[in-house]
Amino acid sequence: MATKCIQVRGDDGVGKRTLIGRLIFSCGEVGLPQMEQLERNGIREYAQIASFYENQPKMRVFYTPSSQFVFDESKKPDTLIWITDATASDGGQASSQKLAALIQAQTPESLVILVNKMDLVNWSSSTFGEIARNFSAVGPIARRLRLCLREATDEFTGMKEEAGYV
């Protein structure tokens, strides 16, 4: 099984710690002994799991069928997850510029752009579309994003229909 470095980045308050905690909890090595330890420390939210494991000697890690992903801010990431906030008044424009600067400095093998807090904009397809357009308009991102944009938009629309949000 390959070990890969992953980083989760984005602006403050977009849900980075929550995502890290969720991945560790759902796909990591959180068995009964670890659950008991989390409970003893009063940890009840995913974001708290990420913070808890930062202070432990144990690596922050999760697994997929083909790889082990280690959260490590000190190395060049194999995979970068960029989280942007759907409620941002600029439609993600500032966030896309920050991401462009970051990936020019360190180009990851894989890039995932996650639009968080869509529930707060009532799963608006126009908001999602505006954010997608803003990210795809930035040169370094556009080369990588253009191929996935239509598929993501179609998939998002399908998810909304299944959930009854149309």
Side-chain angles (χ1 to χ4, degrees), residues 1-90 92 94-103 105-124 127-128 131-132 135 141 144-145 148 152 155-156 158-160 162-165:
M1 177 179 289
T3 299
K4 296 185 176 193
C5 176
I6 189 168
Q7 293 180 4
V8 178
R9 300 283 181 98
D11 293 323
D12 291 338
V14 295
K16 296 181 297 285
R17 289 187 182 281
T18 300
L19 176 63
I20 292 169
R22 175 63 191 241
L23 289 170
I24 291 170
F25 185 81
S26 299
C27 305
E29 294 180 339
V30 179
L32 289 176
Q34 290 80 19
M35 293 280 290
E36 183 182 357
Q37 188 179 20
L38 293 171
E39 210 169 276
R40 270 197 319 266
N41 285 282
I43 294 171
R44 305 258 186 265
E45 297 178 5
Y46 293 127
Q48 294 172 318
I49 293 172
S51 298
F52 176 78
Y53 277 106
E54 281 177 356
N55 301 320
Q56 300 296 313
K58 185 177 174 110
M59 290 189 307
R60 297 181 308 155
V61 63
F62 73 95
Y63 300 91
T64 67
S66 62
S67 301
Q68 168 183 301
F69 286 89
V70 177
F71 292 98
D72 191 340
E73 301 297 321
S74 67
K75 296 180 181 172
K76 178 183 178 258
D78 297 301
T79 300
L80 174 65
I81 300 176
W82 183 268
I83 305 178
T84 191
D85 187 341
T87 64
S89 61
D90 68 348
S95 183
S96 67
Q97 296 296 328
K98 290 178 187 175
L99 174 58
L102 178 66
I103 64 174
Q106 57 178 28
T107 305
E109 182 181 309
S110 300
L111 173 65
V112 176
I113 299 171
L114 189 144
V115 182
N116 198 13
K117 303 183 183 185
M118 285 296 296
D119 56 324
L120 299 178
V121 294
N122 200 25
W123 302 94
S124 167
T127 299
F128 181 80
I131 292 169
F135 273 88
I141 301 169
R144 302 180 76 162
L145 186 62
C148 303
E155 186 174 320
F156 177 72
M159 289 188 310
K160 280 184 15 183
E162 287 176 23
Y165 287 108

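- Heavy-atom minimum distance, L80 versus P108: CB-CG, 3.7 Å.
- Residue pairs that meet the ring-ring contact (aromatic ring centres under 6.0 Å, His included) test with at least one member in residues 14-45, sequence neighbours left out, are F25-Y46.
- Side-chain contact check for Y53 versus V30: some heavy-atom pair is nearer than 4.5 Å.
- Here the CG atom belonging to D85 is positioned 4.5 Å from the NZ atom belonging to K117, to the nearest 0.5 angstrom.
- Two residues are said to be in side-chain contact when any heavy atoms from C-beta on lie closer than 4.5 Å; R40 and Q37 meet this criterion.
- Considering every non-hydrogen atom in both A50 and I20, the closest pair reads CB-CG2, 3.8 Å.
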Determine all donor-acceptor pairs shorter than 3.5 Å in which one atom belongs to a side chain in residues 5-14; sequence neighbours excluded.
from	atom 1	to	atom 2	distance (Å)
Q7	OE1	R9	NE	3.4
Q7	OE1	R9	NH2	2.9
Q7	OE1	Q106	NE2	3.4
Q7	NE2	D72	O	3.2
Q7	NE2	K75	O	2.7
R9	NE	E73	OE1	3.0
R9	NH2	E73	OE1	3.3
D11	OD1	K98	NZ	2.7

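- Listed here is the closest heavy atom pair of A86 and I131: CA-CD1, 3.7 Å.
- Using a distance-only test at 3.5 Å, with no hydrogens or angles considered, no donor-acceptor pair links the side chain of Q97 to the main chain of A94.
- Between atom CD1 of residue I113 and atom CD1 of residue I81 there is a gap of 11.5 Å, rounded to the nearest 0.5 Å.
- Of all the heavy atoms in G92 and T84, the pair that sits closest is CA-OG1, 4.1 Å.
- For R17 and E54, the salt-bridge test passes: some basic side-chain N is under 4.0 Å from an acidic carboxylate O.
- In this structure, the separation between NZ on K16 and CG on L114 is 12.0 Å, given to the nearest 0.5 Å.
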Which donor-acceptor pairs under 3.5 Å do side chains of residues 63-70 form with protein atoms, sequence neighbours excluded?
from	atom 1	to	atom 2	distance (Å)
Y63	OH	E29	OE2	2.8
T64	OG1	S67	N	3.1
T64	OG1	S67	O	3.2

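- Counting all heavy atoms, side chain and backbone alike, F52 lies closest to N41 at CE1-ND2, 3.6 Å.
- Expressed to the nearest 0.5 Å, how far CE of M118 lies from OG of S124 amounts to 6.0 Å.
- Distance CG/N116 to CG/L19: 8.0 Å, rounded to 0.5 Å.
- Looking only at side-chain heavy atoms (C-beta outward), F62 and F71 come within less than 4.5 Å of each other.
- The shortest distance between side-chain heavy atoms of W82 and F135 falls below 4.5 Å.
- No side-chain heavy atom of T79 sits less than 4.5 Å from a side-chain heavy atom of E109.
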